[in-house]
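Predicted model only: the values in this text are computed from it and were never measured.
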Amino acid sequence: MKFKTTAALAAACAMGLGTATFIYAARADQQGQAQGHDDKGTDPGKNVGDFLKECPNTGIFGNPPIYFPYPRRIIPRDLCKEIQRVRREVKVVYDRYLAQSKALTPPTLTSQPPTLQGTGYEAVRILGGLMNYDERISVGGNVACAFCHMPYAGFSGPIPSVNLTMIAYPGSYLARAGKRNPQRYPYSPRFPVFHLNGGKNAGVGGTFTGGNFWDGRATGYKLQSPDAEQAQHPPVDSQEMGSPDTACIAFKLSQAEYRPLFELVWGDDFDIQFPSNTQEICATPEGAAQFGTSATPINLSPVDRTKANNIYDHWGQSISFLESSNDISPFTSKFDRFLAEAVTLTPDEQAGYSLFRGQAGCNSCHLDGRGTTQTPDTGSDGTPSTVTGTDTSAPADLQPLFTCFAYANLGLPLNPRDAFYYQTTPDFFGFTPNPLGFGYRDLGLGTFLRSGFGSGPNPNAVNWLSFATTSDGQMQTSTARNVAMTPPNSTTEAPGPYFQKEFFHNGYIKSLKQLVHFYNTRDVYAFKVTSGHCPKGTTEKVDCWPMPEVPNNIDMTVGNLGLTDQEENQIVVFLQTLTDGFDPANPTVSNYPNIDTFTGQLMTGGNASTQGNEHLIPTPPLPPCSPEVCGVAPLPGPLAIQ
């Protein structure tokens, strides 16, 4: 596989952004710190310790060493340089919002209830943009919210080599990393508050709908906005931005250059008596042994804690406003123009759309505002999909979101590339991100309903806990909008030029062709093996699909759609029409805000069917599912989770 450098960005080659090869390293010592092992996979003459020193943890209190519990082939060789690239890109967008804030005509506070008349909308949008791209909010002052969600990737992960290898993105304290593919957030403010919809799937008591995150843990129950609540999680997630106390965000906002805009919009009181050790606490990562189990290590009075909490709520609401604005969720795709009868689809696009809402049945979950013609109870297991009739209805929704807001277990295999599995030793601060190792299983929604390891507390366990068993393995149905968004002059698909993305919660799928092929043939080419162990004579992701990580509650609307290779390709072509930034007057040039910030490298070569397969690694022999996951009542079943 070869890389192609965009013409305007040739200087990136000189900076060593390089190919997606890997650090070859022995496991670090028992404390999980980077050691000076011989390293034939990095630059000549450098060992792992030297290589990782290019991204020191200088913003973390005590300047701790890099946390490196990883075996060979998990961490991409170019990680530090790619982190530096994305940080520069984040700064570009931050500066754009800062310029907008300085040019803003201040709104006028008037009327009852008080309203920011005139430019109030612009003020909140700009404030959300400044905070979303402000890396100083993180524990190390080096990771913004946008670090894992850049515009040119449809607000998903912006580092191709990470998408190919470690799946989860590195956090502020290197090299802790999360456990899932960063979920795209265009249109996420339109997801309703998490609730049990008794009218859907009434035979099992209803269907959980709404919320944010793959596992639904941002319910929105207090702010009545799952998206605003979602924005409150990464700043205090030990694996992401890493602050140990939500009051750290209030403390840092009090020092931000845009504090006057925050005060203008929200009228918040920053007169908080922060103790003298606040700076030190807020530069120490969440999970540090010194904090014990305290979620509020900053010692504030009740009055000041309330002020800090109000500021943090307004943090989440401001970012949610940004995400609902035209900066992120503008409804400007070619498909939107098609619904408005301003353009026509090409023959392949139209054929793909017909399949999407017909034989493939995609719109039974990714709602497009129209009906589906897929015959009920076909399309999975041993029953290929068939079509009954022709949908001639007019669109019922001219801004469809291409999601049903619900959850499904699609039957994806465990992905051994996920960096989370290897974080089994304590870091400098005595924190072990994943003491379960490969005993961890991602039960998604089921784990959240149990308030289980790796998720969050269930705020309505008294009513929802009993549904955990029938929710195991289910992940949120993301919108299909912008799933194909990439930097200018690229695609998601090999041979490219393409920008390497990752798909589904564990990043197992590497192209839209593979994604559609998985839906089409999951049950046709099912093998009882783990990833990396497909039988000789088969090719993983082509004619071999490893067994599901979670065998219960498998979605049976997909798996045997009976599509031809050409029909799969046509669905991919249709998915590309859902990309925002389409200009009918100049259809080859995107006008999506800030899509022009990419300064990395595109890739060329290979084919979409096997894209990324050169980076498959064998799943190790798996221990039983850990009791911390599978031993929490109500127990998973009826099938045992291997």
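With hydrogens and angles disregarded, a donor-acceptor distance shorter than 3.5 Å links the side chain of Asp442 to the backbone of Gly444. Side-chain N or O atoms of Asn434 include one that pairs as donor or acceptor with a backbone N or O of Gly437 at under 3.5 Å. The backbone N or O of Thr207 sits nowhere less than 3.5 Å from a side-chain atom of Asn197 that would complete a donor-acceptor pair.
In summary, the side chains of Thr557 and Asp555 do present a donor paired with an acceptor at a separation below 3.5 Å, with no hydrogens or angles considered.
Cation-pi contact between Lys541 and Tyr508: present, with separation from the ring centre below 6.0 Å and deviation from the ring axis of at most 45°.
In this structure, the side chains of Pro186 and Ser329 come closer than 4.5 Å at one or more pairs of heavy atoms. Under the 4.5 Å side-chain criterion, counting only non-hydrogen atoms from C-beta, Ile641 is in contact with Pro551. Residues Phe453 and Thr447 fail the side-chain proximity criterion, which asks for heavy atoms closer than 4.5 Å. Considering only heavy atoms from C-beta on, Met603 comes within 4.5 Å of Tyr498 through its side chain. His505 is not listed as a side-chain neighbour of Asn181, based on a closest heavy-atom distance of 4.5 Å or more. Residues Asp215 and Gln476 fail the side-chain proximity criterion, which asks for heavy atoms closer than 4.5 Å.
Disulfide check for Cys365/Cys404 fails, with the SG atoms at least 2.5 Å apart.
By the 30° and 60° cut-offs, the orientation of the rings of Tyr592 relative to Phe155 is perpendicular. Classification of the Phe194-Tyr407 ring pair by plane angle, with boundaries at 30° and 60°, yields perpendicular. Below 30°, between 30° and 60°, or above 60°: for His149 and Tyr185 the angle between ring planes is between 30° and 60°, a tilted geometry. Using the six-membered ring where Trp is involved, Trp545 and His517 have ring planes that are tilted, between 30° and 60° apart.
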Asn363 and Tyr353: side chain to side chain contact (heavy atoms under 4.5 Å, CB included), yes or no, with the steps?
CA-CA 10 Å; Asn363 73 340; Tyr353 181 37; over 6 Å; no
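Under 4.0 Å is where a charged nitrogen must lie from a carboxylate oxygen, and between Lys179 and Asp237 no such pair does. Between Arg481 and Asp336, at least one side-chain nitrogen of the basic residue sits less than 4.0 Å from a carboxylate oxygen of the acidic one, meeting the salt-bridge criterion.
Test Arg417, Glu540, Glu549 against Ser531 for side chain to side chain donor-acceptor pair (under 3.5 Å) and you get one pass: Glu540.
Atom CD of Gln399 and atom OG of Ser333 lie 10.0 Å apart (nearest 0.5 Å).
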